[in-house]
Amino acid sequence: ARLSLDQLALRPGQTVAVTGAAGAYGGYVVQIAKSEGLNVIADASVVDQSLVKSLGADVVVPRGDDFSQQVRKVVPDGVDGLADGAVLSELAVGSIRDGGSFAAVRGWGGTGERDITFHQTMVRNYDHRSDLLDQLRKLAESNAITLRVAETYDPTEASEAHRRLEARGTRGRCVIVF
């Protein structure tokens with residue numbers, strides 16, 4: 001989430017759209033973006049709308065393949081940046097204004113259309129940045145971001161935690177307690 005927002009390089013007052021906002025990545029993008037003064041439009045299923053709103057989204061649009069159209073109803077010229085946690089890829093590009101930015105979490109390289117800058121968000125690019133982890137710690141201590149835990153597991157149940165994550169739809173993190 002931190003890397004994606006850094007790649008998008010948006011300034012306070014600009015607008016970011018977030019797909020998969022109820023998930024761990026998307027939820028953190030919403031919270032960090034709000035802490036940095038960005039306007040946030042995020043998607044959610046009907047059951048997750050109140051969660052996404054509670055994370056700080058200014059506008060929640062219905063989750064689905066028509067994400068771009070839903071966003072353009074709110075921001076007709078398109079958003080400044082997009083963090084694509086739901087991996088909508090081509091289906092989400094239309095939500096971005098000409099010259100905007102797109103951060104993809106599964107290595108998608110984009111289409112290069114309308115002068116949109118496409119970024120691939122890879123955790124290994126920031127895994128050595130303890131200064132950024134410290135910034136996130138401070139955000140958590142100030143309650144600007146929440147540490148959502150879906151469930152805790154004993155180390156002997158690690159495979160079950162992985163199965164739950166692979167099934168998708170987990171709201172929060174699976175934590176193995178040693």
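In what follows, every heavy atom counts, from backbone to side chain, and hydrogens, waters and symmetry copies are set aside.
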Checking [Y] against [X]: is there a side-chain donor and acceptor pair closer than 3.5 Å?
X   : Y    : value
S4  : Y25  : yes
D84 : T19  : yes
E90 : T111 : no
Q7  : T121 : yes

How far apart are the closest heavy atoms of R114 and D98, and which atoms are they? NH1-OD1, 2.8 Å
What residues join V149 in its hydrophobic cluster, counting side-chain heavy atom gaps under 4.5 Å, either direct or through other members?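 Under the 4.5 Å side-chain rule, V149 groups with V175, V177.
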How does the hydrophobic cluster around V46 look, that is, which other residues are in it when side-chain heavy atoms under 4.5 Å mark a link?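 None; V46 is a cluster of one.
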For a side-chain hydrogen bond (donor to acceptor under 3.5 Å, both in side chains) check, start with the C-alpha distance between Q31 and T146, then their side-chain angles and the critical distance, and finish with the verdict. CA-CA 8 Å; Q31 292 179 321; T146 58; 3.0 Å; yes
Any salt bridge (charged side-chain N to carboxylate O under 4.0 Å, His left out) involving residues 13-32? Give me the pairs, sequence neighbours left out, ordered by first then second residue. none
Salt bridge (charged side-chain N to carboxylate O under 4.0 Å, His left out) contacts touching residues 16-27 (sequence neighbours left out): none
Please list every donor-acceptor pair under 3.5 Å in which a side-chain atom of residues 71-79 meets a protein atom from a residue at least two apart or in another chain.
from: R72; atom 1: NE; to: G94; atom 2: O; distance (Å): 2.8
from: R72; atom 1: NH1; to: P76; atom 2: O; distance (Å): 2.9
from: R72; atom 1: NH1; to: D77; atom 2: O; distance (Å): 3.4
from: R72; atom 1: NH2; to: G94; atom 2: O; distance (Å): 3.1
from: R72; atom 1: NH2; to: I96; atom 2: O; distance (Å): 3.0

Please list, chain by chain and in numerical order, all residues satisfying ring-ring contact (aromatic ring centres under 6.0 Å, His included) with F118, sequence neighbours excluded.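 F118 satisfies ring-ring contact (aromatic ring centres under 6.0 Å, His included) with F102, W108 once adjacent residues are dropped.
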Mind listing the side-chain donor-acceptor pairs of residues 55-63 below 3.5 Å, one per line with the distance, residues two or more places apart or on another chain?
from: D58; atom 1: OD1; to: K34; atom 2: NZ; distance (Å): 3.0
from: D58; atom 1: OD2; to: K34; atom 2: NZ; distance (Å): 3.0
from: D58; atom 1: OD2; to: V40; atom 2: N; distance (Å): 2.7

[X]: what forms a salt bridge (Lys or Arg N to Asp or Glu O under 4.0 Å) with it, not counting sequence neighbours?
X    : result
E160 : R163
E166 : none
E113 : none
D131 : R129

Residue pairs involving residues 140-161 (criterion ring-ring contact (aromatic ring centres under 6.0 Å, His included); sequence neighbours excluded):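 Every candidate ring-ring contact (aromatic ring centres under 6.0 Å, His included) pair involving residues 140-161 fails, so no pair, neighbours aside, qualifies.
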